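Positions are given from 1 along the sequence. Computed from a predicted model, the values in this text were never measured in an experiment.
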Amino acid sequence: MCGVVGIFGNTNVNLQLYDALTMLQHRGQDAAGIMTCDNGRFNQRKSVGLVKDVFHSRHMAQLQGNMGIGHVRYPTAGSSGPALAQPFYVNSPYGICMAHNGNLTNTDELMELLFKSDLRHINTDSDSEALLNVFAHELLLQGKLQPTSNDIFEAVRRVHRRCRGAYAVVGMIASYGMVAFRDPNGIRPLVYGQRETDQGMEYMVASESVALDVLGFKLVRDLAPGEALYVDTDGKLHLEQCAENPKLMPCIFEHVYFARPDSIIDEISVYKSRLRMGEKLSEKIQRLYPENDIDVVIPIPDTSRVSAQAIAEKLRIKYREGFMKNRYIGRTFIMPGQTQRKKSVRQKLNPVKLEFQGKNVLLVDDSIVRGTTSKEIIQMARDAGANKVYIASAAPPVRYPNVYGIDMPSAHELIAHNRTDKEVAELIGADCLIYQDLEDLVESVKEGNSKIDQFDCAVFDSNYVTGDVDNSYLEKLDAQRNDTAKNGKSSSKDSANDEVIGLHNSDSEA
């Protein structure tokens with residue numbers, strides 16, 4: 001999962017992009033990048049690391065321009081390095097840069113056609129660079145010295161016909177404007193807002209509404225699935241539906257884990273959806289264990305807090321913060337490699353022993369994916385003196401890979417794959433494990449927007465909404481992206497991604 005932002009303003013937007021990326025840091029901690037456009041010239045800074053580490057005052061001074069885009073990267077393929085940081089850039093036609101959140105499911109096919117038919121060079125193995133080159137080629141085919149909004153939208157239409165999978169995109173065309181679009185299924189989120197200034201209207205697009213809030217932009221709405229947005233250099237906003245059969249089928253895991261609770265996605269409050277998840281889960285606990293002996297409900301920070309509070313309130317059981325979090329350790333779920341994830345848990349959380357000693361504890365987590373973190377935390381609770389340790393998951397069992405931009409590529413690394421709930425409980429060391437039912441999860445989220453056709457729940461039910469994912473694709477993805485493959489990547493592969501090539505970078509220091 002990644003975070004994207006684009007701003008078209010009346011003054012320099014560099015500091016605003018920085019602030020927006022800071023608000024989206026939870027969506028990616030591997031790399032960050034900003035590109036601005038100043039009088040037809042692109043300025044760029046991107047590198048591996050957190051936003052605060054990538055951008056220093058000397059970089060910000062060089063990122064001049066009233067139009068810009070930014071990106072925080074989360075590596076679904078396990079590869080890292082400055083060359084894989086976004087935005088990406090091509091010089092033809094016009095000069096185009098682009099940042100992308102999601103994952104294409106037909107990347108190999110696109111790469112081959114881009115080389116053999118479109119005669120375009122792809123410098124990395126990134127699907128984002130492939131998507132950029134598809135858009136650039138289709139815009140070039142419009143054959144205009146000065147592209148119009150209709151030309152931009154026609155290029156997006158052709159992208160929709162050629163690209164499959166999940167993509168929420170922001171981009172710039174040098175000297176012409178800012179563009180953004182969302183895949184025809186609306187799998188990845190993308191919102192836009194506006195802000196009135198003395199110099200005129202300014203526009204912003206971002207992965208989550210929270211980025212708009214902090215900069216004082218008023219949320220207008222989500223981009224519809226398949227819809228494209230274009231702001232020309234005169235500051236005029238253009239919107240058009242560019243997909244033939246769009247259907248809103250967003251990823252439900254945004255509400256389970258990724259999005260901030262203060263965000264609004266597809267007209268749904270993430271906070272309220274998590275509140276309803278907790279209420280639904282409390283009903284299941286009451287149904288299965290009406291005479292439960294739970295003494296205290298403790299969330300596993302941070303995403304599960306809202307659901308845990310709802311469970312405690314409904315069950316009329318004490319709610320306590322039993323784990324203190326080290327704010328300087330990143331989100332363990334999105335760390336590449338099992339060894340690093342396992343090592344980070346005890347660095348990240350420390351129990352408040354008084355809340356555990358001699359008590360029957362119900363731990364609440366947003367989801368259980370690989371199970372490594374859950375096992376470590378349960379053992380920490382026992383070491384702190386807990387009598388019994390129960391665990392409740394606000395999400396159903398994660399049993400299948402994700403192919404749309406979340407790092408769940410290998411089924412055999414998912415602890416619930418081909419296992420019963422009881423077997424999972426034994427593996428993670430819990431006295432009891434209660435999962436959310438999928439129907440209740442869907443109802444919890446959909447209550448906020450009844451217009452949604454369906455959700456992408458593939459990690460729970462193996463129903464991939466793009467309809468192009470089969471066993472052979474999943475097997476290939478597994479071979480490329482499982483933890484063994486990540487940990488065993490050759491140094492030559494890594495070194496190939498160590499340098500930024502092609503566009504002036506503000507400097508080469510991290």
**Prompt:** Do other residues, nucleotides or ligands put more than 12 heavy atoms under 6.0 Å from Lys284 NZ?
**Reply:** yes
**Derivation and outcome, salt bridge (Lys or Arg N to Asp or Glu O under 4.0 Å), residues Lys451 and Glu267** = CA-CA 10 Å; Lys451 295 178 290 186; Glu267 302 179 24; 3.4 Å; yes
**Asked** Is there a side-chain contact between Ile7 and Leu17, using heavy atoms and a 4.5 Å cut-off?
**Response** yes
**Arg316 CZ: over 12 foreign heavy atoms closer than 6.0 Å** = no
**Message:** For a quick test of reading the model, state the closest non-hydrogen atom pair linking Met380 to Leu349 and the distance between them.
**Reply:** CE-O, 3.2 Å
**Prompt:** Hey, mind stepping through Gln194 and Tyr192 against side-chain hydrogen bond (donor to acceptor under 3.5 Å, both in side chains) and telling me if it holds?
**Reply:** CA-CA 7 Å; Gln194 59 189 32; Tyr192 82 93; over 6 Å; no
**Item:** Short side-chain to backbone donor-acceptor contact, Glu227 and Ala224, under 3.5 Å
**Value:** yes
**Message:** Could you report the tightest heavy-atom contact between Ala416 and Tyr435, atom names first, then the distance?
**Reply:** CB-OH, 4.0 Å
**Item:** Beyond-backbone contact of Ile69 with Ile34, side-chain heavy atoms, under 4.5 angstrom
**Value:** no
**Item:** N/O donor-acceptor pair under 3.5 Å between Glu208 side chain and Ile264 backbone
**Value:** no
**Item:** Option from Val297, Asp431, Ile285 for which side chain to side chain contact (heavy atoms under 4.5 Å, CB included) with Tyr390 holds
**Value:** Asp431
**Message:** Can a side-chain donor-acceptor contact be found between Arg195 and Gln16 if the only test is distance below 3.5 angstrom?
**Reply:** yes
**Under 3.5 Å: donor-acceptor pair, side chain of Arg73, backbone of Gln86** = no
**Message:** Check this for me, if you would: do Asp421 and Arg399 make a salt bridge, where the nitrogen-to-carboxylate-oxygen distance has to be below 4.0 angstrom?
**Reply:** yes
**Asked** Looking at Arg27 and Glu254, does any basic side-chain N land under 4.0 Å from a carboxylate oxygen?
**Response** yes
**Ring centre gap for Phe356 and Phe323 strictly below 6.0 Å** = yes
**Message:** Closer than 3.5 angstrom, by distance alone: can the side chain of Asp213 be matched with the main-chain N or O of Gly216 as a donor-acceptor pair?
**Reply:** no
**Request:** Start with the C-alpha gap between Asp383 and Gln379, add the side-chain angles, then the distance that decides, and say whether side-chain hydrogen bond (donor to acceptor under 3.5 Å, both in side chains) holds.
**Result:** CA-CA 6 Å; Asp383 293 343; Gln379 187 58 51; 2.9 Å; yes
**Prompt:** When rounded to the nearest 0.5 angstrom, what distance separates OG in Ser269 from NZ in Lys272?
**Reply:** 6.5 Å
**Request:** State, with a plain yes or no, whether a side-chain heavy atom of Pro184 is found less than 4.5 Å away from one of Lys247.
**Result:** no
**Item:** Electrostatic pair Lys325-Asp302, nearest N-O below 4.0 angstrom
**Value:** yes
**Item:** Test: Lys446 and Asp266 ion pair at under 4.0 Å
**Value:** no
**Prompt:** When rounded to the nearest 0.5 angstrom, what distance separates CZ in Phe253 from OG in Ser367?
**Reply:** 3.5 Å
**Message:** Using a strict threshold of under 4.0 Å (side-chain N to carboxylate O), is an ion pair present between Lys359 and Glu355?
**Reply:** yes
**Asked** Which pair of heavy atoms, one from Leu275 and one from Ala310, lies closest together, and at what distance?
**Response** O-CB, 3.5 Å
**Asked** Can you tell me how far OG1 of Thr466 sits from CG of Asp183, rounded to the nearest 0.5 angstrom?
**Response** 9.0 Å
**Message:** Under a 3.5 Å distance rule, please check whether Asn14 uses its side chain to pair with a backbone N or O of Met60 as donor and acceptor.
**Reply:** yes
**Message:** Can you tell me how far apart CG (Leu132) and CZ (Phe88) are? Round to the nearest 0.5 Å.
**Reply:** 8.5 Å
**Prompt:** Can you tell me if CD on Gln309 sees more than 12 non-hydrogen neighbours from other groups inside 6.0 Å?
**Reply:** yes
**Prompt:** Strictly by modelled atom types, are Ser304 and Asp365 linked by a side-chain donor-acceptor pair under 3.5 Å?
**Reply:** no
**Message:** Please check: side-chain N/O of Asn103 versus main-chain N/O of Val403, any donor-acceptor pairing under 3.5 Å?
**Reply:** yes
**Item:** Ring geometry between Tyr464 and Tyr404 (parallel below 30°, tilted from 30 to 60°, perpendicular above 60°)
**Value:** perpendicular
**Prompt:** Are side-chain heavy atoms of Val205 and Val5 found at a separation under 4.5 Å?
**Reply:** no
**Prompt:** Is Asp295 close to Lys318 at the side-chain level, that is, under 4.5 Å between some pair of heavy atoms?
**Reply:** no
**Prompt:** With Cys2, which of Asn101, Val72, Leu24 fulfils side chain to side chain contact (heavy atoms under 4.5 Å, CB included)?
**Reply:** Asn101
**Request:** Report yes if some heavy atom in the side chain of Asp262 is under 4.5 Å from a heavy atom in the side chain of Tyr271; otherwise report no.
**Result:** no
**Request:** Without swapping roles, check the side chain of Asn185 against the backbone of Met249 for a donor-acceptor pair under 3.5 Å.
**Result:** no
**Donor-acceptor contact below 3.5 Å, side chain Arg382 vs main chain Gly429** = yes
**Request:** Applying side-chain hydrogen bond (donor to acceptor under 3.5 Å, both in side chains), run through Tyr167 and His160 and close with a yes or a no.
**Result:** CA-CA 10 Å; Tyr167 48 95; His160 290 332; 2.8 Å; yes
**Shortest non-hydrogen contact from Val48 toward Val54** = O-CG2, 3.5 Å
**Request:** Please tell me if the side chains of Pro250 and Ile452 come closer than 4.5 Å, counting only heavy atoms from C-beta onward.
**Result:** yes
**Request:** Please answer whether the main-chain N or O of Thr124 pairs with a side-chain N or O of Glu129 as donor and acceptor at a distance below 3.5 Å.
**Result:** yes
**Asked** With the threshold set at 4.0 Å, does a side-chain nitrogen-carboxylate oxygen contact exist between Arg419 and Glu426?
**Response** no
**Worked verdict on Tyr473 versus Asp478 for side-chain hydrogen bond (donor to acceptor under 3.5 Å, both in side chains)** = CA-CA 9 Å; Tyr473 178 87; Asp478 184 357; over 6 Å; no
**Prompt:** Do Pro87 and Met98 have side chains that get closer than 4.5 Å, going by heavy atoms?
**Reply:** no
**Request:** Flag the pair Lys280 and Glu443 as a salt bridge only when some basic side-chain nitrogen lies within less than 4.0 angstrom of an acidic carboxylate oxygen.
**Result:** yes
**Item:** From CG (Asp293) to CG (Asn360), nearest 0.5 Å
**Value:** 4.5 Å
**Item:** Whether Ser126 side chain and Leu84 backbone form a donor-acceptor pair below 3.5 Å
**Value:** no
